[in-house]
Amino acid sequence: MKVKAVELCAFRNFHDERFCFEAARTLITGRNGRGKTNILEAIGFLSIGKSVRGAQDQHAVPYGGSFFDVRATCEAGAAQQHLRLFFGGPQGKRAFVDQVPLERVGDLIGRLRTVHFAPEDVSLVLRFPAQRRRLLDVLISQRSRPYLRALQRYQQVLAQRNALLRGLPAQGDGSLAAWSEQLAGLGGFLRRERLAAVAALRRPFSAWMRRLAPGDEVDVEYRGCPDEEAAQEAILLEELRRMERHERDLGHTLAGPHRDDLLFVHQHVPALVSASEGQLKTMMIAWKLAEAEYLSEEDDGQPVLLLDDVLSELDEARVAALLESMDEFEQVILTSPRPVAAAPRAGFHCLALAG
């Protein structure tokens with residue numbers, strides 16, 4: 001599905017704006033502070049129901065306002081679909097498809113698939129395990145609704161188990177063993193899905209790295225559990241039983257997908273140890289392009305690539321290699337604080353923000 005137009009009735013610095021994306025490749029330019037990033041964030045809200053930047057919903061409400069309202073006209077072949085996300089008032093956040101309200105905001109996920117790159121991904125994702133786990137969760141949830149449901153339930157069960165470990169009352173069965181069994185069942189499923197996703201992403205990730213940075217030896221590893229897909233529930237349940245006494249002392253759960261890690265490896269060591277800033281950014285770009293391939297493996301078409309300030313800090317060779325590769329994707333929306341000389345030659349239509 002492609003984004004044909006976005007209406008920001010009220011969103012961050014925009015109060016009533018409409019942006020059209022008729023071209024397959026669009027370059028949004030404008031001075032810092034004009035809202036380039038906000039446009040991509042608004043599209044991301046319609047994709048995953050929350051900020052791709054990890055911001056709280058109220059932070060997207062314009063200064064002095066009481067709500068935000070984001071709408072998009074999307075197109076899949078000859079069919080059009082209208083998406084809307086509204087936040088504010090007593091009902092909080094609501095999602096609509098063709099003006100019909102959805103039962104849950106999470107039901108938006110998977111309708112408009114996107115892959116989003118932001119400059120802060122390099123520092124946040126590559127440096128913090130929680131952000132790397134979120135990277136996988138957002139990606140797999142767009143492709144698998146059962147994964148999303150299991151993730152949501154896992155977080156609920158985890159909260160209840162932690163409450164029991166702290167000596168607080170829990171809803172339902174008060175037995176720690178019962179909550180451990182539920183957590184192991186859900187966590188085993190999440191681990192299997194994550195392991196399968198990382199296995200599927202490894203090849204395209206390495207291939208994109210070779211195209212963007214020939215000679216850099218990189219890999220990704222999922223750490224925290226044995227690579228044994230069939231036995232994940234039993235493995236996790238045994239971990240929980242073995243750590244229970246220590247968990248009671250600390251008051252929280254020490255094993256499970258919420259403690260696992262996705263590690264980027266450069267020349268056989270963690271990337272942060274040996275890679276330069278330019279290499280780290282190239283890794284993140286390569287990962288995002290691999291995500292696009294992962295989401296394209298089903299029959300729902302390619303995701304929309306949302307690339308925020310992706311060209312800065314890259315040398316000319318990497319900029320050229322990246323722009324040349326963009327014609328392999330159905331829709332790309334890219335931002336830059338200044339015009340990019342090579343963009344028109346790569347087929348990009350320029351959308352300049354005034355001011």
From [X] atom [atom1] to [Y] atom [atom2], the distance as rounded to the nearest 0.5 Å:
{"X": "Glu233", "Y": "Glu238", "atom1": "CD", "atom2": "CD", "answer": "14.5 Å"}
{"X": "Leu83", "Y": "Asp98", "atom1": "CG", "atom2": "CG", "answer": "7.5 Å"}
{"X": "Lys4", "Y": "Gln81", "atom1": "NZ", "atom2": "CD", "answer": "15.0 Å"}
{"X": "Ile28", "Y": "Asp308", "atom1": "CD1", "atom2": "CG", "answer": "9.0 Å"}
{"X": "Leu190", "Y": "His258", "atom1": "CG", "atom2": "NE2", "answer": "11.5 Å"}
{"X": "Asp57", "Y": "Lys93", "atom1": "CG", "atom2": "NZ", "answer": "3.5 Å"}

*Contacts of Glu244 that satisfy salt bridge (charged side-chain N to carboxylate O under 4.0 Å, His left out) - sequence neighbours left out*: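 With sequence neighbours excluded, Glu244 shows a salt bridge (charged side-chain N to carboxylate O under 4.0 Å, His left out) to Arg248, given in chain and number order.
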
*Derivation and outcome, salt bridge (Lys or Arg N to Asp or Glu O under 4.0 Å), residues Arg211 and Glu328*: CA-CA 13 Å; Arg211 290 177 63 173; Glu328 300 177 27; 2.6 Å; yes

Check ion pair [X]-[Y] (N to O, under 4.0 angstrom):
{"X": "Arg145", "Y": "Asp107", "value": "yes"}
{"X": "Arg25", "Y": "Asp327", "value": "no"}
{"X": "Asp219", "Y": "Arg202", "value": "yes"}
{"X": "Arg127", "Y": "Glu120", "value": "no"}
{"X": "Lys2", "Y": "Glu75", "value": "no"}
{"X": "Asp260", "Y": "Arg191", "value": "yes"}
{"X": "Arg84", "Y": "Asp69", "value": "yes"}

_Applying the side chain to side chain donor-acceptor pair (under 3.5 Å) criterion to Glu217, which one of His266, His268, Gln267 satisfies it?_
His268

Any side-chain heavy atom of [X] sitting closer than 4.5 Å to one from [Y]?
{"X": "Arg133", "Y": "Leu262", "value": "no"}
{"X": "Arg113", "Y": "Ser296", "value": "no"}
{"X": "Pro257", "Y": "Tyr154", "value": "yes"}
{"X": "Glu313", "Y": "Val122", "value": "no"}
{"X": "Met284", "Y": "Leu135", "value": "yes"}
{"X": "Arg203", "Y": "Glu293", "value": "yes"}
{"X": "Phe96", "Y": "His82", "value": "no"}
{"X": "Met326", "Y": "Leu322", "value": "yes"}

[Y] backbone acceptor or donor facing [X] side chain under 3.5 Å:
{"X": "Gln279", "Y": "Ser276", "value": "yes"}
{"X": "Arg71", "Y": "Ala5", "value": "no"}
{"X": "Lys36", "Y": "Ala352", "value": "no"}
{"X": "Asn162", "Y": "Ala159", "value": "no"}
{"X": "Ser144", "Y": "Tyr147", "value": "yes"}
{"X": "Lys288", "Y": "His116", "value": "yes"}
{"X": "Arg94", "Y": "Pro101", "value": "no"}

Quickly, which of [options] forms a side-chain contact (heavy atoms from CB on, under 4.5 Å) with [X]? Name it, please.
{"X": "Phe19", "options": "Leu353, Ile333, Thr26", "value": "Leu353"}
{"X": "Glu247", "options": "Leu176, Thr253, Leu164", "value": "Thr253"}
{"X": "Val220", "options": "Leu263, Val265, Val198, Leu201", "value": "Val198"}
{"X": "Leu306", "options": "Leu40, Thr37, Val3", "value": "Leu40"}

*Checking side chain to side chain donor-acceptor pair (under 3.5 Å) for the pair Gln156/Arg153: CA distance, chi angles, key distance, verdict?*
CA-CA 5 Å; Gln156 294 167 354; Arg153 181 58 183 157; 3.2 Å; yes

Could you check whether [Y] and [X] have their ring centres less than 6.0 Å apart?
{"X": "Trp287", "Y": "Phe117", "value": "no"}
{"X": "Phe67", "Y": "Phe86", "value": "yes"}
{"X": "Phe45", "Y": "Phe87", "value": "no"}

*side chain to side chain donor-acceptor pair (under 3.5 Å) between Arg161 and Ser180, intermediate numbers included*: CA-CA 7 Å; Arg161 189 175 187 275; Ser180 297; 2.9 Å; yes

Verify same cluster id: [X], [Y] (apolar side-chain graph, 4.5 Å):
{"X": "Val97", "Y": "Leu148", "result": "no"}
{"X": "Ile235", "Y": "Leu237", "result": "no"}
{"X": "Leu139", "Y": "Ile48", "result": "no"}
{"X": "Val52", "Y": "Phe21", "result": "no"}

*Dump the intermediate steps for side chain to side chain donor-acceptor pair (under 3.5 Å) on Thr335 and Asp309, then the final yes or no.*
CA-CA 5 Å; Thr335 74; Asp309 198 15; 5.6 Å; no

*What do the steps show when you test Leu250 against Leu165 for side chain to side chain contact (heavy atoms under 4.5 Å, CB included), and what is the final call?*
CA-CA 8 Å; Leu250 296 176; Leu165 290 171; over 6 Å; no

*Yes or no on side chain to side chain contact (heavy atoms under 4.5 Å, CB included) for Val304 and Met1, after CA distance, side-chain angles and deciding distance?*
CA-CA 8 Å; Val304 178; Met1 185 177 290; over 6 Å; no

*Could you tell me whether Gln99 atom CD has more than 12 heavy atoms of other residues or ligands within 6.0 Å of it?*
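It does not: Gln99 CD has 12 such atoms or fewer within range.
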
*Using the side chain to side chain contact (heavy atoms under 4.5 Å, CB included) rule, take Thr29 and Leu351 through it: C-alpha gap first, then chi angles, then the decisive distance, then the call.*
CA-CA 6 Å; Thr29 62; Leu351 173 60; over 6 Å; no

*Checking side chain to side chain donor-acceptor pair (under 3.5 Å) for the pair Arg318/Thr282: CA distance, chi angles, key distance, verdict?*
CA-CA 8 Å; Arg318 295 188 187 191; Thr282 304; 2.5 Å; yes

*Would Phe128 and Ser123 satisfy side chain to side chain contact (heavy atoms under 4.5 Å, CB included), going step by step from the backbone distance to the final call?*
CA-CA 8 Å; Phe128 299 104; Ser123 58; over 6 Å; no

